[in-house]
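Encoded as structure tokens, the structure appears first; notes follow it.
Throughout, protein chains are lettered first and strands after them, A, B, ... in sequence-line order, and every chain is numbered starting at 1. FYI, side chains are in, hydrogens and waters are out, and symmetry mates aren't considered; it's all heavy atoms of this structure.
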Number of protein chains: 2
Amino acid sequence: MATIGDVARVAGVSRSTASYALSGKRAISAAVRRRVEDAVRELGYTPNAGARALATSQTMVIGLLAQFLEDEFAPAMLQYMLGVSDTARELGYDILLSTEADGRNALRRMTDSRMVDGIVLLNVAEHDDRLPILRAAPQPGALVGLPADCTGVDVFDLDFEDAGRLMVDHLHRLGHRELVLVSQPEHVVERGGAYVWRLQNAAIEAARVRGISLHATFASSSQPDVARELGALLDAHPQATGLLVNNEAAAAALPTVLHARGLTAPADLSVVGRYSDEFARTFSLPYSSIESAPDRLGRMAVRELVRRIEGQAGPDEPHVVRFVSPELVDRGSTAAPREG
Amino acid sequence: MATIGDVARVAGVSRSTASYALSGKRAISAAVRRRVEDAVRELGYTPNAGARALATSQTMVIGLLAQFLEDEFAPAMLQYMLGVSDTARELGYDILLSTEADGRNALRRMTDSRMVDGIVLLNVAEHDDRLPILRAAPQPGALVGLPADCTGVDVFDLDFEDAGRLMVDHLHRLGHRELVLVSQPEHVVERGGAYVWRLQNAAIEAARVRGISLHATFASSSQPDVARELGALLDAHPQATGLLVNNEAAAAALPTVLHARGLTAPADLSVVGRYSDEFARTFSLPYSSIESAPDRLGRMAVRELVRRIEGQAGPDEPHVVRFVSPELVDRGSTAAPREG
DNA sequence: CTGAAAGCGCTTACAG
DNA sequence: CTGAAAGCGCTTACAG
């Protein structure tokens, strides 16, 4: 494989001149630049990434920590990954991916060995055990998901509180007075999936303020349990006219569950989910939903991370915590409740 | 960040001795080894990956090229990625991920700049335009998916021909005489998705040999088109008693389609899919299916790739083309056809 | 069993 | 506008 030394020799210049001609970091005569460029083409030269990283302390690689936990719905995670990956590429960065369940090892390895210039953490828990490691690392970090302590990192998340309110308000406005909210599994909450109770608490509070009743429940994130649980839930609350679903697996299972019971949305039941439009299309979900904007969140996280990496963020510009406002995508699954 | 020089100084030895003490590549007195190990702990030393890569020409990174094409069903791809990623980690390698639609750029970048020790190509087309680049690269490559020309790479795939035969034979044995096969979209075939026609041709031939009729068709891989098309298909072939589905999106849409038409499998229609057990669980699909074994294929590809990278494969050991035999996972969706 | 030195392939002050 | 040299942090022959 050709090195910059080969290029320099073929072009008849010094290695430093060849390097500068390629980086454009100092003035080079047109003639020399031509010769260097020709040599590059002739030799098919590409800089050695490791050597460059060693010399510049920049790898042009971003570490992406995605965890595929047993009790989580994998397809939902993929969209965040793609948002991160696509944006990184646009900005000239490659992605070093870890899918290890124990993210701490991967994080330590990537940061300590200087394989990456920055880190994106996905699926951040309230007291995420990766955060202390990330804060101690020399590289900047961006999170998708809101932890209890945001110091030292940039944080991006859907405004789940607003989402909870929006869901309740929407159905309240249509005349619903009894709702059921299905959240992620309870152990997701216990593990620190803060978004679950952020949405749930806001929904409960909104219902209280509006004077309507809301049954807040959890459901599995795996099949076929979730389908069974949804059925039991509908049995348990026959008076409920609206269903709020903050659980992708439950949303994916719902068409089958409703069909099996001979129910139609919105004629028999109004339904509002919380998932992305991409997700809705993949799973053919006909329910209106709060857009969770995984691609946008991934994009925002990478943009800010790269700003920090490249020092455009200013030496001690404070870290940001930025929420995406939930938007209700209307797919026609809500209506005024049927006359009791 | 501490360097090996720091470690050497603290341990009171030379840098080479520190290095050897850590790598174990030459005999070191117990006392010196202790001192070096203590220094490492004290300083929190981790080798710089770029420097090591430069010195050894080994990055301990594997490039993973996954393409998320418009007309393909993303969740199915994820499982191959996880198989590759998990196995790589077990063997001590990290994953550099590319999701670029134009994989050639990513491939060239990774290989030319020596960011990776080897490459795994996912979703390989019959005349995959990444292959010439991969063959010309100094790093070894492993494919998941069978191209027309396998020279210079290790290839792993499901035996789709066997899968097609197995589907037909299974239903034939139960007494079915008219079947419909739903494949991936036709433009997947045109783009070179060889597995589509490998399964289809084998199914057609098996049907011919058995003297039963098989209607081979294509369907979209996106919603809601695929649901509509499935409906039209069932309308067009009212005599068919068995449905073979080689299209993940169609399989995912099928429960809704059948429910809507008041059909039940296997009472009204026997159904056999071709997807992984993981996929079946994620999408709550109740159909018997040919296991597509994405995790196993990803694992096999990485194992062989690492063997080559590490030179255990022998200098000119021939490349392998290995097929996973399809197995039918019975989920109770097939039975003897209802009396005409 | 250990050390001094060269080299991997870059970039970037320093000098002219 | 260009070149010679140092240095990034490792590993590994070479020498003892």
What's the closest nucleotide to the side chain of [X] if the choices are [options]?
X: B/Lys25; options: D/dT12, C/dC10, C/dG9; value: D/dT12
X: A/Ile4; options: C/dC10, C/dA4, D/dG9; value: C/dC10
X: A/Ala51; options: C/dC10, D/dT11, D/dC8; value: C/dC10
X: B/Ser19; options: D/dT11, D/dT2, C/dG9; value: D/dT11
X: B/Ala27; options: D/dC1, C/dC1, D/dT12; value: C/dC1
X: A/Pro47; options: C/dC10, D/dT12, C/dA13; value: C/dC10
X: A/Tyr20; options: D/dC10, C/dA13, D/dT12; value: C/dA13

Please state whether the base of C/dG7 and the side chain of B/Arg15 form at least one donor-acceptor pair under 3.5 Å?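 Looking at the base of C/dG7, it does not pair with any donor or acceptor on the side chain of B/Arg15 (distance under 3.5 Å).
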Determine whether a donor-acceptor pair (one donor, one acceptor, N or O, separation below 3.5 Å) exists between the side chain of B/Arg26 and the base of D/dT12.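 Counting by modelled atom types and ignoring angles, no donor-acceptor contact under 3.5 Å is found here.
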For the CZ atom on B/Arg296, are there more than 12 heavy atoms of other groups (residues, nucleotides or ligands in this structure) within a distance under 6.0 Å?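 Counting neighbours around CZ of B/Arg296, 12 or fewer heavy atoms of other residues, nucleotides or ligands fall under 6.0 Å, so no.
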Is it true that A/Thr3 and A/Asn48 share a donor-acceptor pair across their side chains at a distance under 3.5 Å?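 There is no such pair (donor and acceptor under 3.5 Å, judged by atom type) between the side chains of A/Asn48 and A/Thr3.
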Treat a base pair as Watson-Crick or G-U wobble with both distances under 3.5 Å, then lay out DNA chain D in dot-bracket form, 5' to 3', with | for cross-strand pairs. |||.||||||||.|||
Distance-only donor-acceptor pairs under 3.5 Å for side chains of residues 123-146 of chain B, two or more places apart:
{"unit_1": "B/Asn123", "atom_1": "ND2", "unit_2": "B/Glu72", "atom_2": "OE1", "d": "2.9"}
{"unit_1": "B/Asp128", "atom_1": "OD1", "unit_2": "B/Arg130", "atom_2": "N", "d": "3.0"}
{"unit_1": "B/Asp128", "atom_1": "OD1", "unit_2": "B/Arg130", "atom_2": "NE", "d": "2.8"}
{"unit_1": "B/Asp128", "atom_1": "OD2", "unit_2": "B/Ala125", "atom_2": "N", "d": "2.8"}
{"unit_1": "B/Asp128", "atom_1": "OD2", "unit_2": "B/Arg130", "atom_2": "NH2", "d": "2.9"}
{"unit_1": "B/Arg130", "atom_1": "NH1", "unit_2": "B/Gln67", "atom_2": "OE1", "d": "3.3"}
{"unit_1": "B/Arg130", "atom_1": "NH2", "unit_2": "B/Leu122", "atom_2": "O", "d": "2.9"}
{"unit_1": "B/Arg130", "atom_1": "NH2", "unit_2": "B/Asn123", "atom_2": "O", "d": "3.4"}
{"unit_1": "B/Arg135", "atom_1": "NE", "unit_2": "B/Thr151", "atom_2": "O", "d": "2.6"}
{"unit_1": "B/Arg135", "atom_1": "NE", "unit_2": "B/Thr151", "atom_2": "OG1", "d": "3.3"}
{"unit_1": "B/Arg135", "atom_1": "NH2", "unit_2": "B/Asp149", "atom_2": "O", "d": "2.7"}
{"unit_1": "B/Gln139", "atom_1": "NE2", "unit_2": "B/Thr111", "atom_2": "O", "d": "3.1"}
{"unit_1": "B/Gln139", "atom_1": "NE2", "unit_2": "B/Val116", "atom_2": "O", "d": "3.1"}

